[in-house]
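These notes concern the structure reproduced below.
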Amino acid sequence: MTTDKAPPTQSHPMRGILCMIAGVAVLAVNDGIAKHLTETYSVGQVLALRGTAVVVLLVASQAILGRLDRFRVVHRPLQLTRGGLMSISTYCFVTGLALLPLADATAISFAGPILTTAMAVPLLGETVGWRRGLAVCAGFAGVLVMLQPTPDAFQLAALAPLGAAFFGGLRDIVTRKLGSTSDGTLSILLVSTTMVTALGWGSFLVGDWAPLNLDDLAFIIISGILVGLAQALTIEAFRWGEVGLVSPFKYTGLVWAVVIGFIFWGDWPTGTTWIGVGLVVGSGVYIMRRETALARLAKTTAEDNRSGEPA
């Protein structure tokens, strides 16, 4: 998953889809931990401590393996741009978790795939047909059906997760651009996480910190590991597949949340939830089947063209 040389973009779309599905599954677990931590600590403190855990574990692991060269930065402007966008997006989302119910913050932030898919057309020159566009909208409809945001979602605090969706979309587009460069996944992960962490530590200067309960230290470390793993998988997803293709699979995070809730807490989904799951899964299956069919058609056309060439 983490290589020194960036593979060519658009080469394995199904691999990109699978990386995104795995990444959002990890984030589904982490969101609950982040919500728990923001009940005691400020957003900045959570970002600082969690980010520090990611940076320390990441650098230590590669130092032990003797592979610190994996952190080599080649395209500094793109790296810094991504780090800045990720800092703003992360701060907005964690703020949304602190101000709104989890379901409301999550529902609003899931406008991200729609925004990202739309922005990929003018910014990356990607082609998003009406079928894929309808599938993305169907997935978002499934999100709303599953989460059923309350009237409280439509307030000033909703700007926080909405901002997370917008800036997160721009981050994903920059990530896609970095995927065609020689900057490796670990390099991108370290630069962005360091910038988010620095933003969090800035809150320490204004005294917006609470005494750290050692019982929460494990949650912070676990959250750091999960965030780091999820970010690495997401970077790989955009390296292998187009933004408009892999972004809609962020919706599967809610399906994973339903599965996790059933396994660990025995929460059996309601009928409404099953409808939402059906919409999310159905839109994802449609996109995957259509992508597979297009890839098969392209392969057949290429073979026919080669067979028709003069010997």
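Values below: all heavy atoms of this structure, side chains included; hydrogens, waters and symmetry mates excluded.
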Using the ring of each side chain (for Trp, its six-membered ring), is H12 parallel, tilted or perpendicular to W240, with breaks at 30° and 60°? perpendicular
Applying the 4.5 Å side-chain criterion to the ILVMFWY set and letting contacts propagate, would L27 and M86 be lumped into a single cluster? no
Give me each pair satisfying ring-ring contact (aromatic ring centres under 6.0 Å, His included) with a member in residues 35-86, each pair once, sequence neighbours excluded. H36-F219
Side chains of R239 and I188 in contact at under 4.5 Å (non-hydrogen atoms): yes
Test log, rule side chain to side chain contact (heavy atoms under 4.5 Å, CB included), inputs R171 and V174: CA-CA 5 Å; R171 174 206 60 206; V174 175; 5.8 Å; no
Does K250 form a side chain to side chain contact (heavy atoms under 4.5 Å, CB included) with D172? I'd like the steps, not just the answer. CA-CA 12 Å; K250 289 183 178 182; D172 292 343; 2.5 Å; yes
Is there a donor-acceptor contact under 3.5 Å from the side chain of T252 to the main chain of V255? no
According to a 4.5 Å side-chain heavy-atom criterion applied to Ile, Leu, Val, Met, Phe, Trp and Tyr, with indirect links allowed, do L217 and I222 form part of one hydrophobic cluster? yes
When clusters are formed by joining ILVMFWY residues with side-chain heavy atoms under 4.5 Å apart, either directly or through shared neighbours, do V46 and Y91 land in the same one? no
Is there a side-chain contact between V94 and L47 in this structure, where contact means two heavy atoms from C-beta onward sitting under 4.5 Å apart? yes
Quick one: does T181's side chain have a donor or acceptor within less than 3.5 Å of a partner on L178's backbone? yes
Answer yes or no: is there an ion pair linking R82 with D183, defined by an N-O contact shorter than 4.0 Å? no
Of all heavy-atom pairs linking A164 and S89, the shortest is O-OG, 3.0 Å
Where A160 and C92 come nearest, the two heavy atoms and their spacing: O-CB, 3.1 Å
Minimum side-chain heavy-atom gap F140-P248 below 4.5 Å: no
Distance, nearest 0.5 Å, that separates CZ of R76 from CG of L78: 12.0 Å
Which heavy atom in S223 sits nearest to a heavy atom in N30, and how many Å separate them? OG-OD1, 2.6 Å
L58 and T193: CA distance, side-chain angles, deciding distance, side chain to side chain contact (heavy atoms under 4.5 Å, CB included) verdict: CA-CA 10 Å; L58 192 59; T193 303; 5.9 Å; no
Can I235 be reached from V243 by stepping across I, L, V, M, F, W or Y side chains whose heavy atoms are under 4.5 Å apart? yes
Would a 4.5 Å heavy-atom cut-off, applied to side chains only, mark V29 and W256 as touching? no
Could you tell me if the side chain of L190 sits less than 4.5 Å from the side chain of V59, heavy atoms only? yes
Check whether any side-chain heavy atom of Y251 sits under 4.5 Å from a side-chain heavy atom of V24, and report yes or no. no
The ring pair (Phe, Tyr, Trp, His ring centres under 6.0 Å) partners of W201 (sequence neighbours excluded) come to W209
Would you call L233 and M20 a side-chain contact if the rule is heavy atoms closer than 4.5 Å? no
T117 side-chain N/O to I114 backbone N/O, donor-acceptor pair under 3.5 Å: no
Mark yes or no for whether S187, through its side chain, and R72, through its backbone, hold a donor-acceptor pair below 3.5 Å. yes
Indicate the atoms forming the closest heavy-atom contact of G200 with A48, along with that distance. C-CB, 3.6 Å
If we ignore hydrogens and angles and just use 3.5 Å, is the side chain of E236 paired with the main-chain N or O of C19 as donor and acceptor? no
Side chains of L80 and M195, heavy atoms from C-beta outward: is any pair under 4.5 Å? yes
Any idea which heavy atoms bring S182 and V74 closest together, and the distance? OG-CG2, 3.5 Å
Partner of L37 under side chain to side chain contact (heavy atoms under 4.5 Å, CB included), chosen from D216, V43, L49: D216
Looking at residues at least two apart in the chain, or sitting in another chain, which of them share a ring pair (Phe, Tyr, Trp, His ring centres under 6.0 Å) with F249? none
Show the nearest heavy-atom pair for residues A165 and A111, with the distance to one decimal. CB-C, 4.2 Å
Run the side chain to side chain contact (heavy atoms under 4.5 Å, CB included) check on L85 and I173 step by step: do they pass? CA-CA 10 Å; L85 292 170; I173 288 175; over 6 Å; no
